[in-house]
Amino acid sequence: MTAVPTLSPVTVDPRALGKVAVLMGGHSAEREVSLMSGSGVLAALRRAGVDAHPFDPAERSLWALANEGFARAFIALHGRFGEDGTVQGALELMGIPYTGSGVLASSVAMDKVMTKRIWRAEGLPTPDWRQVASVEETRAAFDALGAPMIVKPAREGSTIGLTKVTAREQCAEAYRLAAQHDPEVLCEQFIAGDEVTCPVLGSGAAAQALPVIHIVAPDGNYDYQNKYFSDDTRYIVPCDLPAGEEAAIQGLVLAAYRTLGCRGWARADVMIDATTRRPYLLEINTSPGMTGHSLVPMSARAAGLDYDALCLRLLTDAALDNPLPAAAGPGGAR
């Protein structure tokens with residue numbers, strides 16, 4: 001077991017952070033979870049003395065953020081239209097610093113196929129895959145990748161639209177389910193073994209991997225229900241991995257994070273092959289959950305940073321890809 005790092009809370013005058021919007025809800029399939037995340041973040045920031053306000057982009061125009069004098073945004077949106085670079089781009093134009101990764105990294109990380117292409121090109125291990133556009137192509141992917149095979153939307157999260165295919169006759173239904181959520185469908189080699197996740201805080205050379213969490217779900221099925229609503233899933237942190245494995249996974253996740261140009265925070269999901277003990281990167285989430293079952297707060301707490309301190313640290317790190325001159329953008333006159 002690797003020694004758990006200790007994180008210190010940031011020291012900041014909450015008044016200096018200005019008027020803060022907590023973006024939550026939105027238009028994606030993960031709206032319900034986003035509302036839970038945002039409510040938790042909002043309460044935490046208010047407890048810290050921050051002038052924080054809820055803001056649902058599904059109910060109000062984003063341009064109200066500039067018109068109403070918001071100085072920062074905490075993005076608690078998940079999935080499309082929140083985690084995929086779209087909201088980040090609007091905030092860039094308004095000159096409002098925001099939490100998490102910038103436009104390009106957010107967009108790339110949301111696309112699992114593009115993420116895997118970049119990781120593979122950089123020599124980082126990720127399960128083999130095929131991108132498919134039909135039932136026939138899904139069957140061909142099954143023949144190539146073998147059983148079991150994971151079929152999922154390329155640009156969704158929280159296991160939405162995901163199927164574990166164990167027989168060729170399941171391919172048609174699995175493809176149709178995934179395609180309901182995204183025309184781009186990913187077929188991925190299944191890695192049998194330990195499922196773990198590792199958050200990262202910070203940017204560039206200063207980015208730091210947090211303690212790895214070993215996820216033990218009922219029957220090995222870490223689906224939407226077991227992620228957010230079940231008390232039967234076990235989370236082991238500090239994790240129980242063999243000596244040296246946690247440090248290796250942390251190093252791999254940091255490389256994956258930096259390769260995509262992520263900043264602020266993220267969480268990468270990893271499978272460890274039961275036979276070879278080799279870790280494989282599955283995906284990276286640039287706007288992770290902040291609910292009562294969420295993993296980043298759990299890992300941060302193991303490193304000495306409680307939920308409220310984590311929220312304040314993330315907000316303090318809010319940034320822009322390309323800050324505009326003071327008079328250049330709609331938000332520049334604040």
For [X], salt bridge (charged side-chain N to carboxylate O under 4.0 Å, His left out) partners two or more places apart:
{"X": "Lys112", "result": "none"}
{"X": "Asp56", "result": "Arg31"}
{"X": "Arg234", "result": "none"}

Between [X] and [Y], which heavy-atom pair has the shortest distance, and what is it?
{"X": "Thr126", "Y": "Tyr280", "result": "C-CD2, 3.8 Å"}
{"X": "Arg313", "Y": "Ser8", "result": "NH1-O, 3.9 Å"}
{"X": "Asp182", "Y": "Pro153", "result": "CB-CB, 3.7 Å"}
{"X": "Ile75", "Y": "Val87", "result": "CD1-CG1, 4.3 Å"}
{"X": "Glu83", "Y": "Ser287", "result": "OE2-N, 3.0 Å"}
{"X": "Asp240", "Y": "Ile236", "result": "OD2-CD1, 3.4 Å"}

Establish whether [X] and [Y] are linked, either directly or via other cluster members, by ILVMFWY side-chain heavy-atom contacts under 4.5 Å.
{"X": "Ile249", "Y": "Leu124", "result": "yes"}
{"X": "Ile213", "Y": "Val216", "result": "no"}
{"X": "Leu162", "Y": "Trp129", "result": "no"}
{"X": "Val196", "Y": "Ile150", "result": "no"}
{"X": "Leu93", "Y": "Phe55", "result": "yes"}

Okay, side chain of [X], backbone of [Y]: is any donor-acceptor separation there less than 3.5 Å?
{"X": "Ser106", "Y": "Ser101", "value": "yes"}
{"X": "Ser28", "Y": "His78", "value": "yes"}
{"X": "Gln250", "Y": "Glu245", "value": "no"}
{"X": "Lys116", "Y": "Asp111", "value": "no"}
{"X": "Ser203", "Y": "Gly264", "value": "yes"}
{"X": "Thr138", "Y": "Ser134", "value": "yes"}
{"X": "Thr99", "Y": "Phe74", "value": "no"}
{"X": "Ser294", "Y": "Val296", "value": "no"}
{"X": "Gln189", "Y": "Asp128", "value": "yes"}
{"X": "Thr115", "Y": "Val108", "value": "yes"}

Who pairs with [X] by side chain to side chain contact (heavy atoms under 4.5 Å, CB included), at least two apart in sequence or on another chain?
{"X": "Met271", "answer": "Ile191, Glu195, Leu282"}
{"X": "Gln131", "answer": "Val113, Arg117, Glu184"}
{"X": "Asp306", "answer": "Asp308, Ala309"}
{"X": "Met290", "answer": "Ser37, Val41, Trp265, Pro297, Tyr307, Leu310, Cys311"}

I want to check something: taking the side chain as every heavy atom from C-beta on, are [X] and [Y] in contact at a cut-off of under 4.5 Å?
{"X": "Val270", "Y": "Val253", "answer": "yes"}
{"X": "Asp269", "Y": "Asn285", "answer": "yes"}
{"X": "Val200", "Y": "Leu210", "answer": "no"}
{"X": "Ile215", "Y": "Leu295", "answer": "yes"}
{"X": "Pro57", "Y": "Leu77", "answer": "yes"}
{"X": "Leu177", "Y": "Gln180", "answer": "yes"}
{"X": "Ile272", "Y": "Leu241", "answer": "yes"}
{"X": "Met110", "Y": "Ile284", "answer": "no"}

Starting at [atom1] of [X], measure out to [atom2] of [Y] and round the result to the nearest 0.5 Å.
{"X": "Gln88", "Y": "Leu104", "atom1": "CD", "atom2": "CG", "value": "11.0 Å"}
{"X": "Leu201", "Y": "Leu305", "atom1": "CG", "atom2": "CG", "value": "7.5 Å"}
{"X": "Glu30", "Y": "Met36", "atom1": "CD", "atom2": "CE", "value": "10.5 Å"}
{"X": "Cys198", "Y": "Glu246", "atom1": "SG", "atom2": "CD", "value": "7.5 Å"}

Note to self: Go through it in stages, so that I can follow the logic: the residues are Val237 and Val212, the test is side chain to side chain contact (heavy atoms under 4.5 Å, CB included), and I'd like the CA-CA distance, side-chain angles, deciding distance and then a yes or no.
What the structure shows: CA-CA 7 Å; Val237 58; Val212 172; over 6 Å; no
Carboxylate-amine/guanidinium contact [X] [Y], below 4.0 Å:
{"X": "Arg130", "Y": "Glu137", "value": "no"}
{"X": "Asp317", "Y": "Arg263", "value": "no"}
{"X": "Arg277", "Y": "Asp194", "value": "yes"}

Applying side chain to side chain contact (heavy atoms under 4.5 Å, CB included) to Leu65 and Met94, what does each step give before you reach the verdict? CA-CA 8 Å; Leu65 293 170; Met94 289 185 280; 4.2 Å; yes
So salt bridge (Lys or Arg N to Asp or Glu O under 4.0 Å) across residues 196-214, not counting sequence neighbours, yields none
- So with a 6.0 Å cut-off around CD of Glu173, is the heavy-atom count from everything else above 12?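 No, because the 6.0 Å sphere around CD of Glu173 holds 12 heavy atoms or fewer from other groups.
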query = With no hydrogens and no angle check, do the side chains of Thr197 and Arg267 hold a donor and an acceptor under 3.5 Å apart?
reply = yes
Item to check | Chi angles and distances behind the side chain to side chain contact (heavy atoms under 4.5 Å, CB included) call for Phe190, Lys164 | outcome: CA-CA 8 Å; Phe190 178 75; Lys164 183 179 179 181; 3.6 Å; yes
Residues at least two apart in sequence or cross-chain that pass ring pair (Phe, Tyr, Trp, His ring centres under 6.0 Å) with His53, listed by chain then number, are Phe70
Quiz item: What's in the same ILVMFWY side-chain cluster as Met149, cut-off under 4.5 Å, chained through other members?
Solution: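 The other cluster members (ILVMFWY side chains, heavy atoms under 4.5 Å, direct or chained) are Val132, Val135, Phe142, Leu145, Val151, Val165, Tyr175, Val185.
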Pairing residues for Arg60 by the side chain to side chain donor-acceptor pair (under 3.5 Å) criterion, not counting sequence neighbours:
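Only Glu68 meet the side chain to side chain donor-acceptor pair (under 3.5 Å) criterion with Arg60.
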Hits for side chain to side chain donor-acceptor pair (under 3.5 Å) against Glu92, two or more places apart or cross-chain, chain-then-number order -> Tyr98
Between Arg72 and Leu315, does a side chain to side chain contact (heavy atoms under 4.5 Å, CB included) hold up when you go through it step by step?
CA-CA 8 Å; Arg72 290 174 185 247; Leu315 180 63; 4.1 Å; yes
